[in-house]
Structure formats: structure tokens, C-alpha cells
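Values in this document were obtained by computation on a predicted structure and should not be read as measured data. What's counted below: heavy atoms across the whole structure, side chains too, no hydrogens, waters or symmetry copies. Numbers for residues simply follow the sequence, beginning at 1. Ligands are counted one by one from 1 in listed order, and the atoms in each one are counted from 1 as well.
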Amino acid sequence: MNSGLENSINQKMERIFDQLGLDAKYAAVKVSDRPDLSDFQCNGALALAKQERKNPREIASLIAAELEKDSDLAKISVDGPGFINMTVADAFIGKVMDQAAADSRFGVEKVENPHTVVLDYGGPNVAKALHVGHLRSAVIGESFRRIENFVGNTTISDVHFGDWGTPMGMILSEIIRQDGSLAKVETYDIAAISEFYKKANARCKEDESAKENARQITNQIQNKVPEYYQAWQHLRRVSVEAVKKLYDELDTHFDLWLGESDAHEPSFEVVKLAADKGISEIDDGATIIRLEETNKPKPPVILVKSDGSFAYQVTDVATILTRVRDLHADEIVYFVDQRQALHFEQVFEVAQKLGIAPGVEMTHRGFGTVNGADGKPFKTRDGGVMTLENLIQMSKDKVRDSLPKAEETEGYTAEEIEKMVSQIAIGAIKYQDLKNNTASGYVFDLDDFAKFEGKTGPYIQYAIARINSILRKAAEAGISEGPVRLTNKEERDLALKIAQLNAVVMRAHTEKEPSIISDYVYGLAQVFSGFYNVSPIMSAETPEIAASRLRLARMVRDILKLLLDLLGIEAPEVMLKK
Ligand code: ARG
């Protein structure tokens, strides 16, 4: 079934254009810019008139005359230079609502030609704690994964671990410096390994020979010399365990736990292919590919560094090769900091030149940084790096403060409260991130992000819990839902808002922009609130009106839950407040 309103009005319009022998590409109908005047509008007559050198009002009137015959439309007018404004009949809106109510997708379409999308939204690094930058990748990427699945595409998400660069050699060389050997490596946990990394990092900044030593050990790892390779495997294993815990907590899922190291063998293929095609050259001992500079300088892509190791760029090119060849990707989307925009531009261009991703759509969805109140990248109160673990802890503490303790509630256990704390805290963090346009950075609002009012995750969760309670009471009163019939403006506004669902989900999908959903979710919760203030269910004028309102309320609850799920946010059945 097709989602209701906007599509059916569009179809009606296309039919009329056909009938009148007009070019149907101008038939597009959209939600009205003037909701006070009409529900939908079509501006096509203007462009059409221009093309046909006719009077736009005359063409618009011809179309309007046909629309008049349709009883699904209550009012048609031609305004201004030739805009067609349409008001839909209440009965038709009711019918569309009833159809959507019977459908678990509420009329949301699936894509016509489903394809396979590989998603890259991890990028954690061995021995480094996840920080707020990784939060954005995880939150936006996970939401997009869910949106793609919902519209019918097949998704494969890959964490793409940063596990193959010089930091690997740095850590091992630091361990050897302190212990004299790698004998104790397997006893070190993530905290110890991170410490070694920090020390190594400081040392390598000052001491060129330490850096050289780290490079050599990195080479040994990459050449799989057993002693080093096994030690590296431990570093990786421990790091994977640590980030897995956090990704689980964030309800962020990866199908594949591959890393840059998995790009090692295919990197040889890339280098060979580039040489065979004659597009690479040796420059100062390094193997590079020069790119055309159109209007801005574009540095060459480095495949192999002068010390013989593979560069970050070649690992991404080689990963494209395997994603296309082995995973059969039709599309690859990267959710990575905007500061890597040039890197991806270069990588995509090289992939094209090499012909390893024919017809594959590759997109880098860059995002801005998470900032503190001072507009600078978000730090802890004492100026340290804000790790994801810190942030989640902080958020949970804040939420816990606003909830009653188990003994102050009627029958909730401490575990149940803690689960609620987690759902609300994670929901608050994620919504705070997803309510912003992906491309722009945002200020993490420490005071407001977990409030129950305003544009926050908890506000939406609370709206759902409130409807849950309304539904429970209605069930106790023996009311069940029935056909939607509109009796006041607020019901009508709500139904029209619900009718936008399909367009909203489709736009979030095509624009790769979850904030389109988070915006709509907030709007829907608000419109519902306006509806419920004047449209009681229990004390409705007639049983039919009660049944109709109950249907609208139930749909709003289910749609809010569905959309929160697409954002990666859980909705507790009830929300307790102090
Ligand atoms: N590990 C990288 C970093 O921390 C991010 C990786 C992003 N994904 C990719 N395919 N390059 O900068």
C-alpha cells in the first residue's frame, strides 16, 4: 500500500495532466506553504505556461476545473499568477488514516530497486578510547543503517578499525623499552595499553630514533613476523573488546569487525593495478598518484610511503576494492568527520581512475564537531579529552538525579530504574546529536540535553509514555479504536501531520539525513499535544469520536516509537519523574 495523502494527490494530478495532454513532469504537488489557505499546492502551471507560451492562470483554471470533479477534494482555488491550492476532504483524510492504521509500516514505501549499501561509521583506533567525535559517526551512521533497512535496502556495516598504522609499532616499542621484551604483552588490559600508547606518543614526538624504531616494528607487524604479529593481535583483541562494550551501550551495531589491517593484501593489488595502468609514479621513494587539479589544489595520493609501508589512503582504496568485489556493494557511505573530506575526495577519485568501483555510488557524509559552551571542541571540565565513556557516565548521572529511587516508587526494582536511566540517558545523547543537521557542528548543551521539555530525546520518550498511559486507561474503560472521522481542527492537523510520514522517511533516506526524522518526531509530538488538549478520549461526545481519537493516538504512539527506533533510540514503556 502506498502512503496516503501526498502520493494520492500527486497521482490524481498526474492523471489530470495526462487527460489534458499536459506534460506530467510539471504535475508535482507539495504540502502547502500556506497551511492557513490549503493543504497542498501545485505550482506547475507556471513553468508549463512558460514552456508552452500560454497564460499560466488559464492553464491552472483548466486543471482546477478537473480537480473540482473529485469529491476527495473539498476546495480548489487558483491564486496569484497561477498557483493551484487544494484542500482535502475530511472524509478522504479519514480514509487515508484508516488505511495507514491497518499497516505496520503506516504506508511508508520501500525503494523500487533495493540495493546493497556498505556503511562505514566506526573508525575507532587500537589503544585509544572512543571520544565524542566517534559518537557522531556511530549515532548518525547507526540511524542511517536503520533507515536504509526500513526502506528495503540491504546494509552491511563495517567498523573499519584503525589497527595498522605506526601507533601499533609505537605501542610495542614502548612495551619493549619498559619490559625488555614482549613476554608480558598478553597480561596488559586496555587501560595499560592506552598508557603505553600515550607514553610512546610523547616520546616519538621528541625523539626521532624512537619514531624510527616504531616504524620498523610496524613493518615487522605488517610482515607478520610472529613475535610482533602475535603481540599486535593481543592489542587488537583487547581494543575490540573495549569498544564493543561502548558500541553495545550505544545500541550501535556492526556486521563486520574488519580493520585497516584487512586491507593489507588488497593494498598490494591496488599498487600493482595502479602501476599496470600507468597512473602511479615514484616520487622521492614514495609511490603516488597525481590527481587533476580543477579549481583548487589537490595533493597527490600516497599509496606506499618512502619507508615501504602502506599509507592511510591506500588502505581506504583497497577497502573499496574488497567492498565492491567481495561484499558486492552498490553503494558505500562513510560517516566521518568533515575534516577528512579531502581524503575521501582523493580516495574516491583514485577508485574511479583504477576502475575498481564501476557504477558504485560513494558518499562521504562529513559532520561537524561537538563543541562545548565556549564553541571549542567539547572537553571535560578540567580540559581533558571528553571520552565517550565519560559522556555516557555524566549523562546517566544527570538522568538518575531526575528519577525517583526504587524505594520511592510503587513496585519498580532498582534494575528497572537503572534500565530506564540508561534508555533515557542514551536517548538524550543521541537525540541531541541527531537533532542537528549532519554537516553542522553543535554545542553539547550540558544543562538542557536531558530535560523532559524542549527538543530533547526525553521529551519524545515522555510523549510516548504519556500515550501509553492514555491507551491503558482507554483499554480499562473498554474503548477500542475505530474509523477516523475528523470533528475539529486539531484532529485534522494531527491527521495531516501523520500523513507526511512517508515523505519524511523517504527524504531522510535520499538525503542521508536523520535530522529530517528527528525534526518531524518533535513536530508530531507537539501536534499531538495540541490535539489531546482539546480532544479528550474518555470524555468524547460520542463513542465513535472516542474510537476515532483513540486510533489517532495509537498511531502517533506507534509512529513515534518506530521513528525513535530509526534514530536508534529506545522508548521506555513508562517514564518516572521525581
Ligand atoms: N580511524 C580513523 C581516524 O580515527 C577514522 C576512519 C574513518 N573511516 C575510514 N574508512 N577512513 O581518523
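With sequence neighbours excluded, the residues that form a side-chain contact (heavy atoms from CB on, under 4.5 Å) with Lys455 are Tyr431, Lys435, Asp519, Tyr522. With sequence neighbours excluded, the residues forming a side-chain contact (heavy atoms from CB on, under 4.5 Å) with His131 are His134, Val385, listed by chain and number.
Between Glu142 and Arg145 a salt bridge is recorded (basic side-chain N to carboxylate O distance below 4.0 Å).
Note: Phe348 and Tyr334 have tilted aromatic rings, judged against thresholds of 30 and 60 degrees for the angle between ring planes.
Side-chain contact check for Glu148 and Thr155: no donor-acceptor pair (N or O, by modelled atom type) lies under 3.5 Å.
Residues in residues 222-234 take part in no salt bridge (Lys or Arg N to Asp or Glu O under 4.0 Å) pair, two or more places apart or across chains.
Within 4.0 Å of ligand 1, protein heavy atoms come from Asp120, Gly123, Asn125, His160, Tyr312, Asp316, Tyr334, Val336, Gln340, Phe344.
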